[in-house]
Amino acid sequence: MKDLYIYNSLSSKKEKFIPIEKDHVGIYVCGPTVYSNVHLGNVRTFMSFDMVYRYLLHLGYKVRYVRNITDAGHLENDADEGEDRIAKKAQIEKIEPMEVVQRYTVDFHNTLNRFNFLPPSIEPTATGHIIEQIEIIKQIVDKGFAYEVNGSVYFDVLKYNQDNNYGILSGRKIEDLIHNTRLLDGQSDKKNPQDFALWKRAEPQHIMRWPSPWGIGFPGWHLECTAMSTKYLGKKFDIHGGGMDLKFPHHECEIAQSEICNNSSPVNTWMHSNMLTLNGQKMAKSTGNFILPNDFFTGNSKHLSKSFSAGCVRFFILQAHYRSVLDFSNEALLASEKGYNKLMESIRILETLSTSSITSDFNVESWKENCYNAMNDDFNSPILIAELFRVVKFINQVKDGSSTVNKKDLEIIKNSINVFVFEILGLQNVNESANQYKEKLEETLELLIKMRSDARANKDFKLSDKIRIELDEIGIQLKDSKVGTTFKID
RNA sequence: GGUCUCGUGGCCGAGUGGCUAGGCAGUGGUCUGCAAAACCAUCUACAUCGGUUCGAAUCCGAUCGAGACCUCCA
């Protein structure tokens with residue numbers, strides 16, 4: 001088995017992956033803010049890390065995968081103009097903040113289930129870790145890297161930068177940040193615009209609020225990930241993932257908080273999944289440029305010509321490398337769907353293949369190695385899929401009789417398909433195919449009913465009886481009535 | 001404006017200093033009662049202009065174009 005190499009955003013290069021604890025991997029991924037339905041762009045990020053998680057498990061690691069739920073809301077604007085996003089939504093809809101959180105958390109889980117995600121080991125919530133967050137703020141204040149103003153606490157970025165590198169992850173220079181920070185509306189309590197909030201004073205109308213040593217307020221948005229990752233994975237853990245758009249400032253701030261609190265950089269390998277674009281622009285709720293997972297299942301969207309299965313969408317996403325921008329279009333999805341169906345069809349054929357040949361026209365071992373090489377090279381799923389299509393071709397050749405495979409190789413192919421297609425890419429979706437078959441069965445029966453009624457109209461009772469009797473024999477009853485024929489499956 | 005990334009054939013999308021990515025679409029063939037599928041063969045390519053090199057689409061520079069971040073964001 002070759003080594004796994006992962007692209008580390010911190011060093012900007014692929015590095016050999018060596019876990020801190022032998023055979024164990026700790027991975028933290030920034031989860032969703034549950035103030036609205038997740039869109040396909042969100043799904044892409046989590047899917048990238050679902051694949052990473054699956055592959056690490058396949059390699060035999062004991063993985064603790066922590067993916068949080070941000071339910072405390074983030075600041076919408078900077079400084080005092082900020083408003084908690086969850087709280088805002090709640091006011092609009094006249095319901096409790098936690099009701100919003102609950103609704104969209106359920107939606108999030110339902111969506112990921114539909115796409116055949118593995119659940120993380122721990123899914124902590126920000127509101128469940130207020131105490132831990134307050135403790136971290138205390139430590140940072142005690143060490144002199146945070147200051148309190150009017151019931152809010154800010155991290156002193158300039159002081160931190162004297163002995164540390166604020167910008168180590170994002171490649172930013174503090175001078176550039178100082179010169180290029182935009183002028184903000186309203187008053188700010190911050191000493192410097194680059195400083196970020198650890199704790200915010202809650203205005204009277206602010207619904208989500210907790211007591212703290214600095215008064216009633218709520219935690220700053222970078223803090224929760226530091227609190228939860230430290231609690232469940234330790235001061236230093238293996239992999240931290242998230243969307244590219246979280247690199248700065250969110251992840252940069254996490255590093256700063258941990259450096260002060262724990263005297264060490266929190267993460268060995270930073271992984272960032274790239275954006276999904278629609279019409280060449282990043283998918284985002286705020287701009288209205290997005291497509292919801294449910295739109296695919298119904299097909300009701302101006303962006304779609306028809307409905308698509310979850311498996312097909314998953315396949316479409318994994319056909320691009322997680323670090324590349326992927327542009328969504330109906331045309332691209334249609335192309336993926338055909339490829340996906342071709343792959344699945346050949347897997348069905350594979351199950352029916354029997355062999356008595358002693359030779360194989362396909363180097364199965366080297367193919368399998370290529371598959372592993374692809375995954376070991378920074379989870380290169382597009383290359384893996386390309387390799388899968390090589391074996392698809394071979395399977396079809398064997399079926400046609402133009403190639404042969406021996407028993408041993410056939411078994412290896414079956415096992416490997418199981419591993420790579422279902423286990424690692426996670427393309428299997430049992431419920432989906434069951435539903436699909438149910439639909440097809442209904443449509444087929446409608447067709448038979450139509451043929452029978454045509455036969456009866458033509459007085460071809462021999463044919464119409466044959467259809468009714470033979471369907472009855474396989475457990476499907478036809479029931480004629482004045483309004484038409486229905487069926488019942490026993 | 002600053003920082004960074006990217007620009008591949010009709011579409012999507014890998015990879016790379018010299019050797020077929022792959023999928024979809026197209027073309028020719030095999031097969032076929034018809035159709036489809038499948039198989040075989042095949043056409044489209046590396047933004048532009050310079051430079052380095054025996055050789056670059058791959059490295060360097062400039063130009064043009066696109067995007068991300070700098071404010072909540074996956």
Side-chain angles (χ1 to χ4, degrees), chain A residues 9 12 29-33 35-36 38-49 67 70 73-79 81-86 88 167 170-173 175-185 193-194 196 221 241-250 252 272-277 280-287 290 315-316 318-343 345-346 349 370 374 377 380-390 392-403:
Chain A
S9 301
S12 298
V29 172
C30 293
T33 305
Y35 67 95
S36 69
V38 288
H39 58 69
L40 196 68
N42 305 117
V43 170
R44 186 193 183 194
T45 296
F46 301 128
M47 193 180 287
S48 299
F49 292 104
R67 188 185 63 211
T70 296
H74 291 165
L75 294 176
E76 210 165 49
N77 297 307
D78 207 43
E81 265 36 69
E83 189 173 6
D84 188 300
R85 186 159 250 184
I86 301 280
K88 188 184 182 194
S170 56
R172 281 157 207 276
K173 291 187 177 64
E175 302 81 46
D176 295 337
L177 288 171
I178 292 166
H179 290 131
N180 294 302
T181 300
R182 288 177 181 175
L183 285 174
L184 298 159
D185 296 331
Q194 313 67 238
F196 56 89
W221 66 286
M244 201 75 106
D245 48 357
L246 295 186
K247 199 171 181 181
F248 188 88
H250 186 57
E252 197 71 59
H272 290 99
S273 163
N274 217 138
M275 298 295 103
L276 182 70
T277 59
Q281 303 277 124
K282 174 186 169 184
M283 255 190 216
K285 262 280 150 80
S286 54
T287 57
F290 64 90
F315 181 78
F316 165 74
L318 293 176
Q319 257 191 315
H321 187 85
Y322 77 90
R323 278 193 291 115
S324 297
V325 173
L326 171 60
D327 190 56
F328 174 84
S329 69
N330 188 63
E331 197 185 1
L333 191 57
L334 282 170
S336 280
E337 185 182 48
K338 292 201 176 179
Y340 175 64
N341 290 340
K342 183 177 176 177
L343 173 65
E345 180 58 23
S346 90
I349 291 168
N370 288 345
D377 185 16
N380 199 323
S381 55
I383 293 286
L384 172 61
I385 289 171
E387 286 297 330
L388 290 174
F389 277 108
R390 279 185 57 218
V392 163
K393 192 173 212 175
F394 177 64
I395 290 167
N396 287 326
Q397 285 172 340
V398 172
K399 184 193 164 220
D400 282 5
S402 60
S403 288

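Given the structure is predicted, the values throughout are model-derived calculations rather than measurements. By convention in this document, chain letters (A, B, ...) are assigned in the order of the sequence lines, proteins followed by strands, and residues within each chain are numbered from 1.
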Distance in angstrom units between Glu345(A) CD and A37(B) P, rounded: 12 Å

Sugar-phosphate only, base, or nothing, as touched by His272(A) at under 4.0 Å among non-hydrogen atoms: nothing

Value rounded to 0.5 Å, distance of CG in Leu276(A) from OG in Ser324(A): 12.0 Å

Distance, rounded to the nearest Å, where Glu252(A) contributes CD and C4(B) contributes C1': 13 Å

Could you write out each protein N or O paired with an N or O of nucleotides 44-47 of chain B at a distance under 3.5 Å?
none

Integer angstrom distance from the P of A37(B) to that of C24(B): 10 Å

Nucleotide C69(B), atom C1' - distance to CG of Leu177(A) in whole Å: 11 Å

Nearest-angstrom distance, C1' atom, C49(B) to U44(B): 24 Å

Test log, rule side chain to side chain contact (heavy atoms under 4.5 Å, CB included), inputs Trp221(A) and Thr33(A): CA-CA 11 Å; Trp221(A) 66 286; Thr33(A) 305; over 6 Å; no

Filtered N/O pairs between nucleotides 63-68 of chain B and protein, under 3.5 Å:
| residue | atom | partner | partner atom | Å |
| --- | --- | --- | --- | --- |
| G67(B) | OP1 | Gln281(A) | OE1 | 2.6 |
| A68(B) | OP1 | Lys282(A) | N | 3.2 |

Qualifying residues under side-chain hydrogen bond (donor to acceptor under 3.5 Å, both in side chains), relative to Ser346(A), sequence neighbours excluded: none

Between P of U3(B) and CD1 of Ile178(A), the distance in whole Å: 15 Å

Check: Asn380(A) main-chain N/O paired with Asp377(A) side-chain donor or acceptor under 3.5 Å: no

Plane angle bin for Phe49(A) and Tyr322(A) - parallel if under 30°, tilted between 30 and 60°, otherwise perpendicular: tilted

Whole-Å distance separating the CZ atom of Phe328(A) from the C1' atom of G13(B): 15 Å

Nearest heavy atoms of Ile385(A) and Leu318(A), plus distance in Å: CD1-O, 3.6 Å

Secondary-structure stems for RNA chain B, with pairs counted as Watson-Crick or G-U when both distances are under 3.5 Å and runs at least 3 long: B:1-7 with B:64-70, B:10-12 with B:22-24, B:26-30 with B:38-42, B:47-51 with B:59-63

Sidechain-backbone polar pair: Ser48(A) side chain, Arg44(A) backbone, donor-acceptor under 3.5 Å: yes

Check nucleotides 15-17 of chain B for protein N or O atoms closer than 3.5 Å to its own N or O atoms and list the pairs.
| residue | atom | partner | partner atom | Å |
| --- | --- | --- | --- | --- |
| G15(B) | OP1 | Asn380(A) | ND2 | 3.2 |

Touch class at under 4.0 angstrom, heavy-atom based, for Ala320(A) against every strand present: sugar-phosphate

Separation of atom CG in Asp176(A) from atom P in G2(B), rounded to whole Å: 10 Å

C1' atoms of G65(B) and U30(B), separation to the nearest Å: 46 Å

Rounded C1' spacing from G1(B) to C60(B) in Å: 27 Å

Those residues that, when tested against Arg67(A), pass side-chain hydrogen bond (donor to acceptor under 3.5 Å, both in side chains) (two or more places apart): Glu123(A)

Nearest to side-chain heavy atoms of Phe46(A), which nucleotide of G2(B), A74(B), C40(B): A74(B)

Sugar-phosphate only, base, or nothing, as touched by Asn42(A) at under 4.0 Å among non-hydrogen atoms: base

Summary of protein contacts for nucleotides 22-27 of chain B, nucleotide by nucleotide, where a base hit scores B, a sugar-phosphate-only hit scores S (4.0 Å, heavy atoms): SBSS--

Pairwise C1' distance for A35(B) and A74(B), with rounding to whole Å: 45 Å

Position toward the 5' end of RNA chain B (nearest nucleotide), Cys30(A) or Lys173(A): Lys173(A)

side-chain hydrogen bond (donor to acceptor under 3.5 Å, both in side chains) partners for Thr45(A), two or more places apart: none

Whether Gln397(A) side chain and Ser403(A) backbone form a donor-acceptor pair below 3.5 Å: no

P gap between A62(B) and U3(B), integer Å: 13 Å

Atom C1', compared across C31(B) and A36(B): separation rounded to whole Å: 12 Å

Side-chain ion pair, Arg390(A) and Glu387(A), N-O less than 4.0 Å: yes

Touch class at under 4.0 angstrom, heavy-atom based, for Gly31(A) against every strand present: sugar-phosphate

Interatomic distance at C1', C6(B) relative to A47(B), whole Å: 11 Å

side-chain hydrogen bond (donor to acceptor under 3.5 Å, both in side chains) partners for Ser381(A), two or more places apart: none

Straight-line distance of Ser170(A) OG to His250(A) NE2, nearest 0.5 Å: 13.5 Å

Proximal nucleotide (of C70(B), C72(B), A38(B)) relative to the Pro249(A) side chain: C70(B)

Length of the CG-C1' vector between Asp400(A) and U32(B), whole Å: 13 Å

Pairs where residues 328-340 of chain A contributes a residue and the test salt bridge (charged side-chain N to carboxylate O under 4.0 Å, His left out) is met, not counting sequence neighbours: Lys306(A)-Glu337(A)

Side-chain N,O (Thr33(A)) to OP1/OP2 (A74(B)) below 4.0 Å: yes

For Phe328(A), ring-ring contact (aromatic ring centres under 6.0 Å, His included) partners two or more places apart: Phe296(A), Phe316(A)

Residue met sooner reading RNA chain B from 5', once Asp327(A) and Phe248(A) are mapped to nucleotides: Asp327(A)

Greater than 12 external heavy atoms within 6.0 Å of Lys285(A)'s NZ: yes

Nucleotide G13(B), atom C1' - distance to CG of Asn274(A) in whole Å: 14 Å

Sequence-distant partners of Phe196(A), ring-ring contact (aromatic ring centres under 6.0 Å, His included), two or more places apart: Phe155(A), His222(A)

Approximate separation, where rounding is to 0.5 Å, of Leu388(A) CG and Ile383(A) CD1: 11.5 Å

